[in-house]
Amino acid sequence: MSDSLDEFTEAVLSLVEQIPPGRVMTYGVIAAHLGRGGPRGVGGVMARAGHGVPWWRVVRANGTLPPHLMIDAQEHWHVEGVPLVRGVVDVDAALWEPATTRPVGPAPD
DNA sequence: CTCTTGACGCCGG
DNA sequence: TCCGGCGCCAAGA
């Protein structure tokens, strides 16, 4: 494919695509798992190439998003059944982490 | 190479 | 609760 994307961009988008419906990840958590970039770096990638990924599953640490995105995001959240609190994502409950070396074990969910 | 901006996060007042 | 400041990293001018 158009491998015009940098490794950092690939890592971010790849991780975002792995987020299951009904769950979300924060910029900080994603950056922490990547081990680099930082929350600002992740946000930059999303704004630049986050069009082909479930961007609505990526929210701020407070479970909110910019106004213009909140509109569409709320639709997806409602459809996917994301735990909401007062209209915003309940990060404390919806936060999801990528399954690491876990062929079998206590489902964190 | 420097400065500014941004889909961020945390802390203090 | 709202507002400002600082740190963080990446991209554009």
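What you see is a predicted model, and the numbers here were worked out from it, not measured in a lab.
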Do A:Glu80 and A:Arg57 sit within salt-bridge range, that is, some charged N less than 4.0 Å from a carboxylate O? yes

Taking only residues two or more places apart in sequence or in another chain, which ones pass side-chain contact (heavy atoms from CB on, under 4.5 Å) with A:Ala94? A:Val24, A:Val82, A:Pro83, A:Val89

Charged N to carboxylate O below 4.0 Å: is that the case for A:Arg36 and A:Glu7? yes

Stepwise side-chain contact (heavy atoms from CB on, under 4.5 Å) test for A:Val88 and A:Met70: CA-CA 9 Å; A:Val88 303; A:Met70 286 290 289; 4.2 Å; yes

side-chain contact (heavy atoms from CB on, under 4.5 Å) partners for A:Val16, two or more places apart: A:Val12, A:Ile19, A:Ile30, A:Met46, A:Val53, A:Pro54, A:Val58

Side chains of A:Met25 and A:Leu15: does their closest heavy-atom pair fall under 4.5 Å? yes

Contact boundaries on DNA chain C for chain A, cut-off under 4.0 Å to non-hydrogen atoms: C:dG7 to C:dA11

For DNA chain B, find the residues of residues 82-95 of chain A with a heavy-atom distance under 4.0 Å and give them by number; none if there aren't any. none

In B/S/- notation (B base, S sugar-phosphate only, - none; protein heavy atoms under 4.0 Å), nucleotides 6-13 of chain B written 5' to 3' is BBBSS---

Given 3.5 Å as the limit, does a donor-acceptor pair link the side chain of A:Gln18 with the main chain of A:Ser14, or not? yes

Quiz question: by atom type and distance under 3.5 Å, do the side chains of A:Thr26 and A:Arg60 form a donor-acceptor pair? no

Who are the side-chain contact (heavy atoms from CB on, under 4.5 Å) partners of A:Ala73, not counting sequence neighbours? A:Trp55, A:Trp56, A:Leu65, A:Trp77

Side chains of A:Val59 and A:Val91: does their closest heavy-atom pair fall under 4.5 Å? yes

